[in-house]
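Just below is one structure, and these are the notes that go with it.
By convention in this document, chain letters (A, B, ...) are assigned in the order of the sequence lines, proteins followed by strands, and residues within each chain are numbered from 1.
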Amino acid sequence: MKIYSTLSGRKEEFSPHDPVRMYVCGVTPYDDSHFGHALSYIVFDAVRRYLEFRDYRVRHVQNFTDIDDKIIGRAKVRGVPVKELVDGLIADYFKDMDSLNILRAHVYPRVTEEMPQIIDMVRGLVDKGYAYQLGGDIYFRVRSRPDYGKLSRRKLEEMSAGARLEVDLAKEHPMDFALWKAAKPGEPSWESPWGLGRPGWHIECSAMSLRYLGDALDIHGGGQDLIFPHHENEIAQSEAFTGQAPLVRYWMHNGLVQLGEAKMSKSLGNLVTVREARARYSSDAIRLFVLSSHYRRPLTYSEEGLQSMERGAERLRLALRPSPAGGAAIEVGEHRQRFIEAMDDDFNTPQAVAVLFELAREINRGREEGLGLTAALGDLRELGGVLGLTFEKVKGALQVAPFRELLDETLKALAVSEPFVGEAAEVALMAKNSSPDECILELIELRKRLRAARQWALADRIRAGLGELGVSLEDTPQGTVWRRAT
RNA sequence: GGCGACGUGGCCAAGUGGUUAAGGCGGGGGUCUGCAAAACCCCUAUCGGCGGUUCGAAUCCGCCCGUCGCCUCCA
């Protein structure tokens with residue numbers, strides 16, 4: 001199994017600890033989760049599920065950066081305490097991610113609950129000469145690390161040259177970054193050896209990954225936008241603190257979501273939230289959309305793309321329809337093998353998805369030939385599950401009224417066509433207090449009688465009417481079945 | 001300005017030196033069906049441009065054109 005690491009710029013053979021130490025950068029909860037978050041966490045969810053599928057044990061840690069300028073600002077705007085804002089948004093985060101069938105990490109450390117560890121680390125860095133105090137602030141001395149820039153492939157000289165920096169002249173080097181920031185009046189703060197303050201942005205991930213996973217991680221994941229400065233700084237301070245390198249064996253960075261011409265981001269305001277996306281598309285459709293392109297490539301959000309994946313998801317679901325136990329089983333070992341080969345190659349989910357569709361075709365073909373499908377169906381479900389597919393189509397409840405109306409209209413139409421009036425009245429009575437499902441079944445029953453009498457115009461009108469209400473009919477040898485249209 | 005990524009059929013998207021260039025969606029034709037639906041079968045690309053390396057390139061090198069990301073908060 002090979003994984004591409006940003007640090008080496010190459011695919012490398014995967015040889016992790018047991019259990020695999022996997023740290024994924026979490027969100028800063030100051031607003032709703034958007035599609036970019038969905039992409040990142042779907043990707044790393046697939047990574048984790050695949051590792052577990054391959055019998056690795058995985059210890060998965062993901063943080064919440066629950067204190068920072070944006071959070072403080074947002075809390076002020078909304079007039080609520082920081083803690084209240086953050087707790088609510090974290091609850092929403094879990095709701096959103098659950099709705100995408102994303103497995104929960106084993107630990108979700110929060111910055112505000114890790115202060116002693118963070119302060120210890122900052123103090124250690126000061127003691128070892130890697131950081132210095134400036135007023136109530138502590139800065140990391142980037143020049144103390146000769147390999148600073150190794151992840152993002154930058155050199156300090158190049159960066160300080162053209163960068164847009166508000167230069168704090170007191171800092172020893174413009175790129176020195178804050179480990180600890182002195183408290184501003186009215187903002188949340190914590191006691192430290194340097195007075196009241198709060199942690200800088202990067203230090204928490206170093207402190208928390210060290211605490212929960214140790215000083216040598218296997219996988220560290222996040223979006224490509226975190227490579228610099230966040231992960232670069234994490235490497236610098238962690239490796240300086242522990243004296244242990246490399247901090248991470250496999251740096252995995254997912255490509256960013258684009259919306260139209262530009263990156264989707266909070267600051268640009270061109271967001272599609274997870275909730276909005278989820279209201280329109282099934283979890284499977286969203287996951288297929290994301291996983292049909294390689295995780296290291298940018299992905300352009302598009303309604304058309306999601307819609308086409310919704311149809312694809314339906315195709316997979318239909319392939320899983322139960323089938324009577326048939327004769328000789330169809331051969332599917334090859335698909336399983338190709339799925340594994342694809343995923344072993346740096347999580348090539350687009351190829352893995354392709355294998356799923358090919359397996360679905362194989363199943364449908366076998367079904368037509370009356371072959372045994374049990375093993376094949378099991379494989380499709382299992383391999384799809386590795387990509388986090390549920391094969392469920394959860395939709396809002398149908399409203400009964402339109403179906404009652406359609407039933408009434410149909411009965412009225414039937415009133416002028418003799419042989420059915422009696423039966424129709426009977427049915428109408430039965431339908432009086434029925435649910436949408438019962439209405440649909442009544443309509444199907446009426447249509448069945450009409451078809452038996454070769455009254456196709458009326459029969460087709462029922463089908464069309466149901467179609468307009470989002471219900472599609474399928475006449476099979478076993479009778480007529482209905483399902484929610486995609 | 002510095003660093004990096006990308007440009008494959010109508011749309012999306014794998015492939016990254018050598019048999020027929022995956023897969024999805026869409027489109028066309030057929031089978032099944034009263035008609036549909038679903039499903040199956042068949043068809044629908046020579047890989048941004050130019051030049052080079054090679055017996056052989058979408059796949060390596062150079063130049064050009066175009067798109068995007070990072071360098072500042074960000075998954």
Side-chain angles (χ1 to χ4, degrees), chain A residues 6 9 24-28 30-31 33-44 62 65 68-70 73 149 152-155 157-166 175 201 221-230 232 253-258 261-268 288-289 292-294 296-300 302 304-316 318-319 321 338 342 345 348-358 360-361 363-369 451 454-457 459-460 463-464 467 472-477 480-483 485:
Chain A
T6 307
V24 179
C25 273
V27 296
T28 299
Y30 74 91
D31 208 341
S33 300
H34 59 73
F35 204 86
H37 298 125
L39 177 139
S40 192
Y41 300 119
I42 285 171
V43 162
F44 289 106
Q62 184 175 317
T65 302
D68 95 320
D69 292 342
K70 293 235 163 100
S152 51
R153 293 183 174 71
R154 292 152 210 249
K155 297 195 177 75
E157 312 82 69
E158 292 167 354
M159 281 186 277
S160 30
R164 300 161 273 170
L165 293 166
E166 58 177 87
M175 297 307 291
W201 174 32
Q224 284 173 347
D225 51 353
L226 296 180
I227 294 172
F228 191 91
H230 187 53
E232 192 70 62
H253 292 100
N254 60 269
L256 304 179
V257 172
Q258 315 249 133
E261 300 297 270
K263 179 182 78 166
M264 182 182 289
S265 80
K266 292 176 180 177
S267 48
L268 292 177
L288 284 172
F289 179 68
S292 285
S293 109
H294 189 82
R296 280 190 278 117
R297 301 250 186 285
L299 176 66
T300 301
S302 102
E304 304 74 53
L306 263 331
Q307 279 162 16
S308 80
M309 283 308 153
E310 192 67 83
R311 294 189 198 101
E314 183 71 353
R315 182 171 156 75
L316 295 178
L318 291 174
R321 283 188 284 197
R338 286 200 291 135
D345 183 16
N348 193 327
T349 56
Q351 279 186 352
V353 167
V355 171
L356 255 36
F357 279 103
E358 285 167 8
R361 174 181 292 113
I363 286 170
N364 288 327
R365 205 179 290 163
R367 196 190 320 267
E368 290 197 341
E369 292 169 16
R451 291 180 71 217
R454 309 178 68 81
Q455 294 272 11
W456 284 307
D460 290 351
R463 185 170 61 197
S472 58
L473 298 187
E474 212 173 300
D475 298 321
T476 76
T480 300
V481 296
W482 70 273
R483 62 190 165 84

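The residue A:Glu474 sits close to a base: some heavy atom pair falls under 4.0 Å. Contacts of A:His294 with the nucleic acid, taken as non-hydrogen atoms under 4.0 Å apart, involve only primed sugar atoms and P, OP1 or OP2. Nucleic acid contact for A:Glu368: base, since at least one base atom lies under 4.0 Å from a heavy atom of the residue. The residue A:Ser293 sits close only to the backbone: its heavy atoms come under 4.0 Å of sugar-phosphate atoms, none of a base. Using a 4.0 Å heavy-atom criterion, one finds that A:Arg361 contacts the sugar-phosphate atoms exclusively.
Stacking annotation: A:Trp456 is stacked on the base of B:rG34 (ring centroids less than 5.5 angstrom apart, interplanar angle below 30 degrees).
For the pair A:Arg463 and A:Asp475, the minimum side-chain heavy-atom distance is below 4.5 Å. A:Arg365 places none of its side-chain heavy atoms less than 4.5 Å from the side chain of A:Glu368.
Considering only the side chain of A:Arg451, B:rG34 comes nearest among B:rG34, B:rA22, B:rA75. Which of B:rG24, B:rA38, B:rC68 sits closest to the side chain of A:Met309 comes down to B:rG24. The side chain of A:Asp460 lies closest to B:rG34, out of B:rG34, B:rA38, B:rG23. When each of B:rA75, B:rG15, B:rG23 is scored by its nearest atom to the side-chain atoms of A:Gln351, the top-ranked nucleotide is B:rG15. Checking B:rG24, B:rA75, B:rA37 against the side-chain heavy atoms of A:Arg483 singles out B:rA37 as nearest.
On a pure distance criterion of 3.5 Å, no polar donor-acceptor pair joins the side chain of A:Asn348 and the base of B:rG15. For B:rC35, the base has a donor-acceptor partner in the side chain of A:Arg463 [N/O atoms by modelled type, under 3.5 angstrom].
Nucleotides B:rU59 and B:rA39 are separated by 37 Å at their C1' atoms, to the nearest Å. Here, B:rG23 and B:rA13 have their C1' atoms 8 Å apart, quoted to the whole Å.
For B:rC40, the OP1/OP2 oxygens have a side-chain nitrogen or oxygen of A:Asn364 closer than 4.0 Å. For B:rC41, one of the phosphate oxygens OP1 or OP2 lies less than 4.0 angstrom from a side-chain nitrogen or oxygen of A:Arg365.
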